[in-house]
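Quick caveat: nothing in here was measured; it's all calculated off a predicted structure. Numbers restart at 1 for each chain; the letters A, B, ... are given by sequence-line order, proteins then strands. Note that these values count all heavy atoms, side chains included, but never hydrogens, waters or copies made by symmetry.
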There are 2 protein chains.
Amino acid sequence: MSGLREKQKADRERRILQAAVTKFRADGYRAVRIEDLAEIAEVSVGTVYNYYQTKGDILIACVAMEVEEVLTAGHHIVCNPPRGVSAALLSLIISYYDHSLEYLSKEMWRTAMALAIEAPGTPNGRRYFELDQRLAAQVTDLVIALQDRGEVRRDLDARALGTLMFNNLNQMFLEFVRDDAMTLKALRDQVAAQTRPIASLIAVS
Amino acid sequence: MSGLREKQKADRERRILQAAVTKFRADGYRAVRIEDLAEIAEVSVGTVYNYYQTKGDILIACVAMEVEEVLTAGHHIVCNPPRGVSAALLSLIISYYDHSLEYLSKEMWRTAMALAIEAPGTPNGRRYFELDQRLAAQVTDLVIALQDRGEVRRDLDARALGTLMFNNLNQMFLEFVRDDAMTLKALRDQVAAQTRPIASLIAVS
DNA sequence: TAAAAAAGTTGAAGTCATTCATCTTTATAG
DNA sequence: CTATAAAGATGAATGACTTCAACTTTTTTA
């Protein structure tokens with residue numbers, strides 16, 4: 001039976017990540033020491049570093065977990081978007097925003113974004129950037145789906161449009177997490193106000 | 001004579017900042033220890049912390065110094081912009097970019113941006129954000145100047161247009177500093193390609 | 001000018017992320 | 001089943017930012 005070690009490894013990694021998601025949210029990324037996570041996960045400090053290269057790495061893993069779920073939810077919307085360009089786009093974007101704080105706090109998002117900017121060449125930075133790319137690709141996919149359904153003008157470059165819209169929603173999300181006082185509802189309202197004029201521009205006349 | 005202490009203080013602060021600009025550029029922000037700066041500036045570690053709250057604070061002070069110069073150079077362009085919407089806008093934007101690496105390295109910019117995102121509520125974060133605002137305002141001022149000269153359509157909202165253009169040039173600058181291999185020329189070319197179509201859209205027919 | 005007060009400097013100590021040589025657990029070979 | 005090898009866990013040690021109580025220098029007061 002050679003599966004015991006594998007099972008123990010997977011279990012330890014899961015426990016560390018679980019401890020991180022919970023503790024980072026509760027106490028704030030800064031305030032949590034690796035020692036705290038090790039204690040909760042019932043491993044030693046050294047073991048945490050066997051599974052994650054740095055403290056920031058653990059945070060990026062939390063973000064990745066969240067974004068994977070966001071992508072899965074988004075996939076369903078892209079496969080079967082509501083009628084109307086504006087409704088379809090907003091449905092996807094708001095799905096992103098509504099999921100974004102399920103496991104992560106604003107502080108965690110800020111820290112993750114900062115890490116990705118500070119060290120773009122490290123595995124961390126690349127991983128965050130890759131998640132960004134996949135989200136941008138999903139927005140593009142939605143635009144293509146709407147073109148296929150004849151709702152968005154076919155003469156427009158779907159990739160350029162998708163990237164533009166993603167950059168915009170990403171920028172608005174940055175403003176959202178920068179301001180602890182801003183509510184999800186305010187974010188939703190703002191993006192809705194911005195999206196409707198764009199939607200009418202790109203919709204088939 | 002009560003000016004001695006004042007003079008010594010100003011001198012110490014200047015020496016610390018000078019040491020930081022030089023050493024951060026030469027060795028990289030991470031690699032430089034407060035102890036190193038203290039030694040170069042001929043003060044103790046504790047004294048550095050009397051003038052700057054954190055290591056990041058020193059970096060933001062470096063950025064502020066650079067941006068003040070950029071704003072001064074930009075002011076001249078806004079007061080007397082070259083003929084033509086595209087030429088005027090590019091003149092300002094490229095002036096920003098060309099000045100940006102005079103004292104700061106890409107790594108310093110990345111780190112400063114990361115700091116500002118990570119801790120938006122701290123004096124540091126606010127200060128960085130305020131510099132951003134002043135740059136955005138200057139772009140808006142140029143748009144207004146071009147409207148006054150009858151080169152840009154007067155029915156357009158100068159503030160919205162200025163903010164949009166600043167966000168865009170800022171985003172492109174972020175991509176520039178994220179990629180150590182990207183040259184200033186590549187950045188210039190890219191922004192030129194983007195700016196020309198915008199310029200023709202907003203110019204008076 | 002001398003003493004007292006105010007302002008500022010100092011560097012050792014504290015904290016926390018990270019590393020690494022040692023030890024323990026699991027898997028394999030005889 | 002025992003011995004060897006491989007994999008992984010451990011926590012004390014390291015290094016860097018930051019703090020703070022004691023010490024100096026400058027200014028004010030008498």
Tell me every residue that passes side-chain hydrogen bond (donor to acceptor under 3.5 Å, both in side chains) with A:Glu69, counting only those two or more places apart in sequence or in another chain. A:Tyr103
Suppose the criterion is side chain to side chain donor-acceptor pair (under 3.5 Å): which pairs have a residue in residues 129-139 of chain B, not counting sequence neighbours? B:Glu68-B:Arg134, B:Tyr96-B:Gln138, B:Asp132-B:Asn170
Remember a base hit wins even if backbone is also touched, and classify A:Tyr52 as base, sugar-phosphate or nothing at under 4.0 Å, heavy atoms. nothing
Protein proximity profile, nucleotides 11-23 of chain C - base contact B, sugar-phosphate-only contact S, no contact -, cut-off 4.0 Å on heavy atoms: B----SSBB----
Residues in contact with DNA chain D, drawn from residues 109-126 of chain B - heavy-atom cutoff 4.0 Å: none
Going by the rule side-chain hydrogen bond (donor to acceptor under 3.5 Å, both in side chains), which residues pair with B:Gln18 if we only count those two or more places apart in sequence or in a different chain? B:Thr22
Applying ring pair (Phe, Tyr, Trp, His ring centres under 6.0 Å), which residue pairs with at least one partner in residues 57-92 of chain A are found, sequence neighbours left out? none
Strictly by ring pair (Phe, Tyr, Trp, His ring centres under 6.0 Å), give each pair with a member in residues 19-47 of chain B just once, sequence neighbours left out. B:Phe24-B:Tyr29
Mind jotting down which residue pairs meet the salt bridge (charged side-chain N to carboxylate O under 4.0 Å, His left out) criterion with at least one end in residues 94-117 of chain B? Sequence neighbours excluded, please. B:Asp98-B:Arg188, B:Arg110-B:Asp180
Contacts of A:Ala116 meeting side chain to side chain contact (heavy atoms under 4.5 Å, CB included) (sequence neighbours excluded), chain-then-number -> A:Tyr128
Note the angle between the end axes of the helix from C:dT1-D:dA30 to C:dG30-D:dC1, five pairs defining each, rounded to 10 degrees. 10°
Heavy-atom contacts under 4.0 Å between residues 19-26 of chain A and DNA chain D, which residues? none
Applied to residues 47-63 of chain B, the side chain to side chain donor-acceptor pair (under 3.5 Å) test, sequence neighbours excluded, yields B:Ser44-B:Thr47
